[in-house]
Amino acid sequence: MSSSDLLVGLDIGTTKICCLVGEPNDEGGIDIRGMGTAPSAGMRKGMVVNIDKTVASIRQAVELAQRMAGCVINSAYLGVAGGHINSFNTSGMIAVENKIISNRDISRVHDTALALSIPMDREVLHTITQEYKIDDQPGIIDPPIGMNGSRLEVQVHVITGAINAVQNLISCALQAGLEVNDIVLESVASAEAVLTPEERQLGVALIDLGGGTTDIAIYSNFRIRHTAVLSMGGGNLTNDLALSLRISFDTAEKLKIQHGCCVPSFITGPEYVDVPSMGGAPPKSIGKNALCGILTSRVEEIMDFLNNEFVRSGFDDLINGVVITGGSSLLPGVSEVGAQILERPVRRGVPCLIGGLTEIVRDPRYSTAVGLCLFSLKQEEGGGVKSIGHKNGKKSLFKWIYDRLASFFRN
């Protein structure tokens with residue numbers, strides 16, 4: 001492969017770092033040529049807490065991906081999550097010049113919608129056009145260039161993040177020897193990998209259950225209506241087991257993966273399992289029903305938070321189904337508990353539109369990394385979500401100050 005043909009996604013998660021290398025195929029998707037994963041050290045709740053450890057983990061994942069793909073990786077699309085992410089909807093309206101909508105009118109109405117006062121410690125990551133409205137005709141998805149009208153409106157979804165948190169991620173990638181092509185919200189990336197066109201049109205909520213965060217993206221009529229990030233994830237399940245059973249975190253993680261479930265009828269094999277005790281004490285016997293009860297309580301709490309977020313978004317009525325992905329979605333019974341509490345059909349989402357190493361990457365754990373590659377493919381083709389200010393990971397201090405001053409005087 002030529003390095004210019006590579007599509008590289010780097011998912012820096014709380015529990016693992018995954019680097020995927022792909023190239024476009026003839027079916028409009030990607031062929032995965034290489035993958036590297038490494039335990040994530042230096043991350044907490046989707047945010048960097050130790051740069052040196054994070055850089056070392058990134059290098060390990062990238063080296064493994066390079067070795068498998070037989071290439072050199074120089075740049076990547078980077079996923080971002082964490083409790084610092086915030087989003088909101090805004091709108092703009094203009095009078096159309098000459099009564100026929102032109103490219104200039106589209107630019108003007110977007111400038112009007114984005115004439116926002118953003119706090120100095122935050123920056124815009126994505127601006128996502130939801131729909132246009134001409135006079136009294138709503139629901140126009142594509143830019144209505146050439147259409148007649150006297151008034152043009154646009155609705156835009158804006159995603160922002162804390163500058164320090166985003167720049168820490170970029171710094172880690174740069175120190176690991178990678179240029180950052182762009183920063184992508186992880187729920188946006190995961191949606192690229194697991195949602196079908198029918199689900200995007202009908203109305204669906206994507207839930208990415210990661211190790212440190214739970215990412216949400218609500219779609220309707222092919223457009224994102226709402227995004228959010230909850231600072232809860234699979235790590236909370238492991239922590240509950242460790243505290244309740246008084247075992248180490250590593251032992252609790254293995255116990256969750258090997259014997260955990262959220263529905264009692266899913267329990268198989270012996271009723272009890274022996275696990276090592278802390279401090280060199282003799283192993284203890286733990287009932288699988290007790291294990292199931294601990295995990296179920298936390299999963300139900302997460303689903304309750306999701307329900308509240310659906311209502312808070314104002315788009316609860318548009319959600320006709322839920323797709324759950326991410327590593328924690330592999331816990332048996334999560335979809336069943338979700339369907340009961342969310343009162344909607346729930347399915348587990350796995351990456352699609354992929355070839356190559358499909359037997360490896362068709363797994364919910366790699367949805368974000370696959371989605372980053374698909375996102376980069378869309379960007380190269382000139383479509384997709386607009387991202388702001390991160391080309392090559394170089395946003396100068398002057399440019400940052402200029403943008404903030406321009407926003408201040410514009411408002």
Side-chain angles (χ1 to χ4, degrees), residues 24 28 86-118 123-160 182 184-185 187-189 191-192 195-206 217-227 313-321 353 374-391 402-403 406-411:
N86 191 17
S87 67
F88 56 90
N89 294 325
T90 183
S91 62
M93 181 177 66
I94 62 167
V96 178
E97 299 176 350
N98 303 321
K99 306 302 180 182
I100 297 178
I101 298 171
S102 64
N103 279 314
R104 184 172 181 274
D105 293 318
I106 299 296
S107 298
R108 286 174 53 222
V109 76
H110 277 276
D111 289 342
T112 303
L114 298 176
L116 306 167
S117 179
I118 304 294
E123 62 179 319
V124 176
L125 301 178
H126 298 297
T127 60
I128 304 169
T129 302
Q130 294 178 324
E131 66 177 32
Y132 296 92
K133 180 179 180 181
I134 302 175
D135 297 333
D136 295 322
Q137 180 185 353
I140 302 172
I141 297 178
D142 298 318
I145 298 173
M147 296 180 67
N148 292 283
S150 58
R151 186 179 72 250
L152 176 64
E153 300 178 48
V154 67
Q155 294 180 350
V156 179
H157 184 67
V158 181
I159 301 172
T160 68
D182 215 337
V184 185
L185 184 65
S187 58
V188 173
E192 293 287 341
L195 294 185
T196 66
E198 292 78 12
E199 288 170 334
R200 295 168 187 262
Q201 180 181 22
L202 182 62
V204 67
L206 172 79
I218 298 175
Y219 279 77
S220 178
N221 196 24
F222 299 107
R223 290 293 185 265
I224 293 177
R225 303 298 173 178
H226 178 74
T227 55
S313 72
F315 298 101
D316 185 54
D317 293 339
L318 299 180
I319 302 173
N320 296 299
L353 296 176
L374 291 169
F375 182 93
S376 66
L377 177 62
K378 278 193 173 182
Q379 296 300 98
E380 289 186 3
E381 293 175 348
V385 176
K386 290 184 180 180
S387 302
I388 295 178
H390 292 288
K391 197 65 178 175
Y402 175 84
D403 289 346
S407 175
F408 173 78
F409 286 111
R410 185 166 55 243
N411 283 280

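Keep in mind that this is a model prediction, so the values were computed, not measured.
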Note to self: Any salt bridge linking Asp105 with Arg108? Criterion: basic side-chain nitrogen under 4.0 Å from a carboxylate oxygen.
What the structure shows: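 Looking at Asp105 and Arg108, the cut-off is met.
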
Next item on the list: Could you tell me whether Arg200 and Glu198 make a salt bridge, using a distance below 4.0 angstrom between a side-chain N and a carboxylate O?
Entry: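 Looking at Arg200 and Glu198, the cut-off is not met.
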
Checklist line | Aromatic plane relationship, His226 with Phe315 - under 30° parallel, 30 to 60° tilted, over 60° perpendicular | finding: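 Phe315 and His226: tilted rings.
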
Item checked: For the student: nearest non-hydrogen atoms of Gly149 and Asp135, plus distance ->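 Looking at all heavy atoms of both residues, the closest pair is CA-OD2, 3.6 Å.
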
Is any side-chain heavy atom of [X] closer than 4.5 Å to a side-chain heavy atom of [Y]?
X: Arg151; Y: Asp136; value: yes
X: Ser376; Y: Val184; value: no
X: Leu195; Y: Val204; value: yes

Checklist line | Stepwise side-chain contact (heavy atoms from CB on, under 4.5 Å) test for Ile159 and Ser87 | finding: CA-CA 4 Å; Ile159 301 172; Ser87 67; 4.1 Å; yes

Using atom types as modelled, flag every donor-acceptor pair under 3.5 Å from a side chain in residues 218-225 to any protein atom, sequence neighbours excluded.
residue : atom : partner : partner atom : Å
Arg223  : NE   : Thr129  : O            : 3.2
Arg225  : NE   : Ser220  : O            : 3.2
Arg225  : NH2  : Ser220  : O            : 3.1

Check: Are a donor atom and an acceptor atom from the side chains of His157 and Thr227 found within less than 3.5 Å of each other?
Finding: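 Yes, because at least one side-chain N or O of His157 sits under 3.5 Å from a partner of the opposite role on Thr227.
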
Check: Are Gln155 and Asn89 linked by a side-chain donor-acceptor pair shorter than 3.5 Å?
Finding: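 No, because no side-chain N or O of Gln155 sits under 3.5 Å from a partner of the opposite role on Asn89.
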
Next item on the list: Could you walk me through whether Val158 and Leu114 pass the side-chain contact (heavy atoms from CB on, under 4.5 Å) test, one step at a time?
Entry: CA-CA 9 Å; Val158 181; Leu114 298 176; 3.9 Å; yes

